[in-house]
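Encoded as structure tokens, the structure appears first; notes follow it.
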Amino acid sequence: MSLVAEAFVSQIAAAEPWPENATLYQQLKGEQILVSDNAASLAVQAFLQMCNLPIKVVCRANAEYMSPSGKVPFIHVGNQVVSELGPIVQFVKAKGHSLSDGLDEVQKAEMKAYMELVNNMLLTAELYLQWCDEATVGEITHARYGSPYPWPLNHILAYQKQWEVKRKMKAIGWGNKTLDQVNSDNSDRSLRRCRPVLSSTFSKTGNTTVFLQ
């Protein structure tokens, strides 16, 4: 299907009302899901709840492989499947649900830019800690990620995922960073840069949980 056709189908689907049987998929909550994926899932659930949209959470060991983007969470709404917070927020906006109507265009642009910076830096730091810090990998990540699968598949999938994350870290220049550098030089600096703008926007809206749309 072409991009134009996909966009047309998405527009048609977005015009339909939100169904009662909408479903959110994530990995197994107790023993498998990692911190970064759990945070993303909770963000989507919180956003939908604030929009008063019902959603049923379903845990599947293979949720990551069911997702159209290979990332969780993803939602199944009608005949549409949408993954990751950003696209989900846009999909919900197309259905007429918004949490940022109180912001003007300048505030929306500023907020979006700084929230993207925070998200990108902190998510990257989380992925680094989960997959590049050998102590964390050995004690937690490999065991949790591969827990639903039998040997040797559990090890194969965990090493495959670790290789993918390390390749991404190398591509963005994080391949040779130490854990101390990740904790201090990147995350802290990003938060210091974002805090004034976020505080200003929150004070204008009176809302500390604004989702940009």
Side-chain angles (χ1 to χ4, degrees), residues 3 6-7 10-11 13-15 18 22 24 26 34-53 55 67-75 77 80-130 132 165 168-175 177 179-213:
L3 292 177
E6 288 182 359
S10 297
Q11 289 179 351
W18 189 271
L24 178 147
Q26 65 174 44
L34 300 177
V35 171
S36 56
D37 293 330
N38 189 53
S41 181
L42 290 175
V44 172
Q45 293 178 54
F47 169 68
L48 295 176
Q49 184 175 11
M50 293 168 68
C51 291
N52 295 317
L53 298 175
I55 193 75
S67 170
S69 68
K71 297 180 180 180
V72 292
F74 69 92
I75 59 173
V77 180
Q80 294 288 298
V81 178
V82 187
S83 61
E84 303 180 68
L85 177 60
I88 290 173
V89 169
Q90 293 301 318
F91 178 75
V92 170
K93 180 185 178 183
K95 286 185 173 294
H97 302 276
S98 175
L99 297 178
S100 57
D101 290 339
L103 301 178
D104 60 34
E105 293 305 315
V106 174
Q107 290 172 333
K108 287 181 180 180
E110 289 180 347
M111 189 74 167
K112 185 173 182 178
Y114 279 91
M115 288 185 73
E116 283 297 321
L117 176 62
V118 170
N119 179 66
N120 290 339
M121 294 299 294
L122 295 185
L123 177 58
T124 303
E126 281 184 333
L127 290 175
Y128 178 96
L129 177 62
Q130 290 172 171
C132 300
V165 174
K168 175 184 177 180
M169 293 297 161
K170 184 177 181 180
I172 63 175
W174 283 46
K177 285 185 178 293
L179 183 58
D180 288 340
Q181 288 176 322
V182 171
N183 287 334
S184 61
D185 295 343
N186 294 282
S187 299
D188 290 348
R189 183 172 61 220
S190 297
L191 289 175
R192 286 196 300 269
R193 291 171 61 186
C194 295
R195 189 178 294 113
V197 175
L198 295 179
S199 298
S200 174
T201 304
F202 289 150
S203 65
K204 292 175 184 177
T205 62
N207 189 347
T208 57
T209 50
V210 176
F211 286 81
L212 266 290
Q213 301 176 342

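Numbers for residues simply follow the sequence, beginning at 1.
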For Glu126, all residues meeting side-chain hydrogen bond (donor to acceptor under 3.5 Å, both in side chains), sequence neighbours excluded
none

Could you tell me which residues satisfy side-chain hydrogen bond (donor to acceptor under 3.5 Å, both in side chains) with Thr124, sequence neighbours excluded, listed by chain and number?
none

Would you say that [X] contacts [Y] through its side chain, given a criterion of any heavy-atom pair below 4.5 Å between the two side chains?
X      : Y      : value
Lys95  : Leu53  : no
Lys168 : Leu127 : yes
Asp37  : Gln26  : no
Val72  : Ser41  : no
Val182 : Leu129 : no

Quick one: closest heavy-atom pair of Trp174 and Tyr128, and the distance?
O-CE1, 3.9 Å

Applying side-chain contact (heavy atoms from CB on, under 4.5 Å) to Lys71 and not counting sequence neighbours gives Ser69, Glu84

Distance from [X] atom [atom1] to [Y] atom [atom2], nearest 0.5 Å?
X      : Y      : atom1 : atom2 : result
His97  : Phe47  : NE2   : CZ    : 9.0 Å
Cys132 : Met169 : SG    : CE    : 5.0 Å
Leu123 : Ser36  : CG    : OG    : 6.0 Å
Ile75  : Ser67  : CD1   : OG    : 11.0 Å

Please name the residue in the list Val82, Ile88, Ile55 that meets the side chain to side chain contact (heavy atoms under 4.5 Å, CB included) test with Val44.
Ile88

Looking at Gln107 and Asp104, would you say the former's side chain and the latter's main chain have a donor-acceptor pair under 3.5 Å?
yes

